[in-house]
Amino acid sequence: MSQSVMFMIDGVQVEGRAGQSILEAAGEAGVYIPRLCYKEGLSPHGSCRVCTVMVNGRPMSACTSPISLGMIVENDSPRVAQLRRDLIEMLFVAGNHFCMFCEKSGDCELQALAYRFGITAPKYPYMFPKREVDASHPDIFIDRNRCILCGRCVRASKELDGKNVFQFVGRSAEKRIAVNGEALADTDAAVTDAAADACPVGAILKKGVGYVVPVGKREYDDKPIGSDIEAKRPAAGS
Amino acid sequence: MAEILEEAAIREICQAHDCNRARLLDIARAVHKKCGYISGHAMNLIADELSTHRVEVESLVSFYSFLSDKPRGRIVIRLCNDIIDQMNGAQLVGRAFSEELGIDFGRTASDGAITLEHTACIGMCDQAPAALINDVVVTNLSSDKAREIVRELRQHTDPQRLVKHLGDGNNAHELVNSMVQNNVRLPGPSIFSPVNRGEALRKALVMSPAEVIRAIKTARLRGRGGAGFPTGMKWEFARAAPGDRKFVFCNADEGEPGTFKDRAILTERADRVFAGMTIAGYAIGASEGILYLRGEYAYLRPFLEHVLQKRREDGLLGDDIFAAEREPAPPKPAGERDVHRRPGTAGRRPFSFDIRIQMGAGAYVCGEETALINSCEGMRGDPRNRPPFPAQEGFLGCPTVVNNVETLCCAAKILEEGPATFNQYGSEQSSGTKLLSISGDCRRPGIYEVSFGIELSEVLEMCGARDAIAVQVGGASGEMVAPDQYDRTICFDDLCTGGAIMVFGPGRNVLEIARSFMDFFVEESCGYCTPCRVGNVLLRERLEKILDAKGEPADLEYLEALCRTIKTGSRCGLGQTSANPVLTTLKNFRKVYEVMVQEDREGLKRSFDLQRAVAEAEELCGRESIHNHV
């Protein structure tokens, strides 16, 4: 058993273990810290910034910051919520996200976060970028219109599949996900890869199974994202 | 046949770098030089030799602006388009290049010989407009000169022959051979003082590493790159960090628009920089150093290699430094501590340290220390998550100190003359001197070594800019200061800066300037984190709306909120400061914004351009929208 580390989150004392990130330790205590690029089982990335919390007054990504004794974390506050709302809206306008005809709708973490934060329409102007679609592979397709550059596919392919199918290319607003070849069909990507299940949005999808689970019966259709984590929270007074 | 030869050459380049994945940037640069670009086929070959994946090579190539995956000319003209160059007529020069070559920017001439591009600040603001032609710097350009350059290049195809007059000092050295002028207008007591070669290092080596760090701390030396972190503390962290292998990095990726001091230091005081690195190595227990030289300063590389070689020959670098002066330790009884140390003859253990130069390839963000380390490992220059900090886990996972060129010079000077002499200058919180790179609307642009605590008004007086209407202190990521604040001082507690002072005279529009800085940040963001990748584009969009006279009063609050989000949310220093041009002009030049915005009336949204909104649809339909006929 690792050494116990006590810290505060939103005024509540939480016990974590040495080496844990703020996001992990909070999650075990039933405190949900919103996230997109983080996925359990993958190394943390710290790129979406949605998990930003104030640590002793300074902004830090909860997925990459280790807990330390006596640390004071601010997670559920108006200013942190505003920051997260802004980041989520940025991701919406930077891509081409049309939830109404996206087959990921209801299972999409970006959409679910927007609902959780009560975002009906972004305050930022849409950028309508021109992005490429790659449907060359028999079982998987990439629709970069919906890509939020979280890098979960990159890490899943490397860390879980032992492959190197995806990687970032370019920089600034031109940054995009590329594959190890001219097109996805040239790579050793397989539908059984963890990378095929890693995408939080509808950018990497499996072909032929889009509506196996009908709309209405999907992961976030009747409960907000993060509910599973919050269910672990001990009842008040217990 | 040509293909087979090229394939052999690419494989040879990889093998010359031991097929080391960590040298991918060097390999890519070499292949690029050999082939003119890096094709998909070349990426496959490199990946094969390095036992990595093609997409990893593509990832790196696509990151650096000096590398291309499309064919380019053997000669690439890169015209600097920073704000100072623009003010000095870069646009006219650009048009002349464009017309003479018969191509737009971003294109290669039809004969495939010459490519024309824009590039961010190349560190020549004091002699703008300037351009890079391959590795050769051409300065003080005009339309006529641009046309002449193209004609000449078409004749002899040798950029070096464009250099007709050599610059001052070592710019005229046969290994530099450059028309660049140092423009050191005010050499101060520290950086540009004469070098007593070997003296600083000799004095350091008779001290213990802990004593060296104490001297740096006593001098209260803080980083000169702009952030101002206490150098002694950084060295102490690295010294205390566990690990047998440690590194000293010199950050010579001087990319902040308006900064060019390191250019002159490297040209005139390279020995002092290398002494500083060696002293840092001794202090933290490192035997390896890397100077990360920005791609734009490639013209200095042969000269710097030469200085390093001379230091090796003179026993100032390499195995067992000052071996001749080191006497073997006298045998001492067990348990007795060596308290009587005589200078120069101490029974110290041999100290070895060597330095290599790592070339960058055109990426501002690599000046961020963790991005710089990634770049040296042959990766994209994405900054890293912190913690861990480089002093704990840096290059190849080893404790690494990254210091600015000027900081290392200061360190050498402190060891040379003692902390007390260094402390004579500056103030309590900001000791010593600071190099300023001054450019823009002033009579004497160039480099000035001043004491910390100097008032901005005095700086303006010095460089001949009494009529300045605005001064950008600290480069694009710094602060735009208004005339009623010229009594502010250059120091870590007030105007904290890496040294860039950009002067703007009557008639300049601070909004245009801010927009130019936003262009820069949009281009140079690594794109890793959301707020910087997306937010800067949004900031620029709204700034353009206001400049376009379509802005509303509410846009000012929108801008402020957006600036805050980018600043708070961004992962590294680039995004944490990229909103400064907008934030500080909003604060210090509010009126300029206010006269540009007005309420929309009668339910009209002036910013909405119906024609533009339907343009794409019209094209798709192949007919005009009926709104044109209403």
Side-chain angles (χ1 to χ4, degrees), chain A residues 36-37 43-50 52 54 58-61 63-66 79-80 82-95 123-125 127-129 148-151 154 158 163-182 186-187, chain B residues 40 43-44 47 52-65 69 363-365 380-388 521-542 545 558 561-562 564-572 575-576 607 616:
Chain A
L36 274 171
C37 68
S43 59
H45 201 232
S47 64
C48 73
R49 312 308 286 174
V50 169
T52 301
M54 294 292 174
R58 293 187 56 193
M60 295 177 90
S61 50
C63 69
T64 61
S65 305
R79 64 171 176 171
V80 172
Q82 188 56 51
L83 174 71
R84 291 173 181 162
R85 205 172 282 129
D86 291 351
L87 295 169
I88 294 163
E89 291 184 24
M90 282 181 188
L91 290 171
F92 268 100
V93 300
K123 59 184 159 293
Y124 306 125
M127 296 179 184
F128 299 122
I148 57 169
L149 299 168
C150 67
V154 178
K158 271 191 192 178
K163 299 181 181 180
N164 210 109
V165 175
F166 304 99
Q167 189 49 277
F168 293 109
V169 299
R171 71 179 189 205
S172 68
E174 307 300 318
K175 190 171 183 169
R176 63 187 177 86
I177 285 286
V179 296
N180 190 36
E182 296 291 340
D186 304 336
T187 70
Chain B
M43 289 180 198
N44 281 329
T52 182
H53 301 268
R54 173 204 159 120
V55 76
E56 296 289 327
V57 182
E58 187 185 356
S59 179
L60 174 124
V61 169
S62 63
F63 186 86
Y64 296 95
S65 62
D69 59 359
Y364 164 74
V365 69
R380 301 163 56 84
D382 294 332
R384 294 178 176 178
N385 288 312
R386 274 171 290 198
F521 286 122
V522 166
E523 174 67 28
E524 295 297 331
S525 166
C526 79
Y528 191 101
C529 73
T530 311
C532 180
R533 181 182 69 243
V534 184
N536 286 319
V537 178
L538 294 171
L539 263 189
R540 182 176 62 178
E541 180 271 341
R542 199 48 49 107
K545 179 185 166 192
Y558 169 99
L562 184 53
R564 269 198 306 277
T565 295
I566 298 170
K567 245 180 153 30
T568 314
S570 289
R571 195 169 72 111
C572 82
Q576 286 158 10
S607 58
E616 200 180 356

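These figures come from a predicted structure and were not determined experimentally. Reminder, nothing fancy here: chain letters follow the sequence lines and each chain counts from 1.
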- prompt: Residues two or more places apart in sequence or in another chain: which of them pass ring pair (Phe, Tyr, Trp, His ring centres under 6.0 Å) with Phe92(A)?
  reply: His97(A)

Smallest separation among heavy atoms of Asn385(B) and His45(A), with atom names: ND2-O, 3.0 Å

- request: Would you check if the side chain of Asn164(A) reaches a backbone N or O of Thr52(B) as a donor-acceptor pair within less than 3.5 Å?
  value: no

- line: So, the part of Arg176(A) with a heavy atom under 4.5 Å from chain B: the answer is side chain

- prompt: Does a side-chain heavy-atom distance below 4.5 Å link Arg542(B) with Pro125(A)?
  reply: yes

statement: Bottom line for Val50(A): the part with an atom under 4.5 Å from chain B's heavy atoms is neither

message: Within this structure, what is the CD-CG distance for the pair Glu182(A) and Asn44(B), rounded to the nearest 0.5 Å?
response: 8.0 Å

query: At a heavy-atom separation under 4.5 Å, does Ala363(B) approach chain A through its side chain, its backbone, both, or neither?
result: both

- request: Please check if the side chain of Arg380(B) supplies one atom and the backbone of Gly170(A) the other of a donor-acceptor pair under 3.5 Å.
  value: yes

message: Checking the side chain of Thr565(B) only, and the main-chain atoms of Leu83(A) only, is there a donor and an acceptor separated by less than 3.5 Å?
response: no

query: When rounded to the nearest 0.5 angstrom, what distance separates CD in Glu616(B) from CZ in Phe128(A)?
result: 9.5 Å

message: Does any part of the side chain of Met90(A), heavy atoms only, come nearer than 4.5 Å to the side chain of Leu562(B), both counted from C-beta?
response: yes

query: Who wins among Gly181(A), Gly151(A), Pro44(A), Cys37(A) for the most heavy-atom pairs under 4.5 Å with chain B?
result: Gly181(A)

- prompt: Rounded to the nearest 0.5 Å, how far apart are CD1 of Ile566(B) and CG of Asp86(A)?
  reply: 9.5 Å

- prompt: For Ser172(A), what residues pass the side-chain contact (heavy atoms from CB on, under 4.5 Å) criterion, not counting sequence neighbours?
  reply: Glu174(A), Ser525(B)

field: Backbone N/O of Lys123(A) and side chain of Tyr558(B): donor-acceptor pair under 3.5 Å
entry: no

task: Quick one: which of Ser570(B), Ser59(B), Pro387(B), Ala561(B) has the most heavy-atom pairs under 4.5 Å with chain A, could you say?
output: Ser59(B)

- prompt: Does the Asn180(A) side chain pair with the main chain of Val55(B), one donor and one acceptor, at a distance under 3.5 Å?
  reply: yes

field: Heavy-atom side-chain proximity of Tyr528(B) to Leu149(A) below 4.5 angstrom
entry: no

message: Just verifying a value: how many Å separate Thr568(B) OG1 and Met54(A) CE, rounded to the nearest 0.5 Å?
response: 5.5 Å

task: Let me know if Ile148(A) has heavy atoms under 4.5 Å from chain B in its side chain, its backbone, both or neither.
output: backbone

Main-chain N/O of Ser65(A) paired to Arg386(B) side chain as donor or acceptor, under 3.5 Å: no

message: So Pro531(B) and Leu87(A), do their side chains get closer than 4.5 Å, heavy atoms only?
response: yes

message: Contact between Arg171(A) and Glu524(B) at the side-chain level, heavy atoms closer than 4.5 Å - yes or no?
response: yes

query: Is chain A contacted by the side chain of Glu58(B), its backbone, both, or neither, given a heavy-atom distance below 4.5 Å?
result: both

- prompt: Rounded to the nearest 0.5 Å, how far apart are NE2 of His53(B) and OG1 of Thr187(A)?
  reply: 11.5 Å

query: In Å and rounded to the nearest 0.5 Å, what is the CG to CZ distance from Asp382(B) to Phe168(A)?
result: 8.0 Å

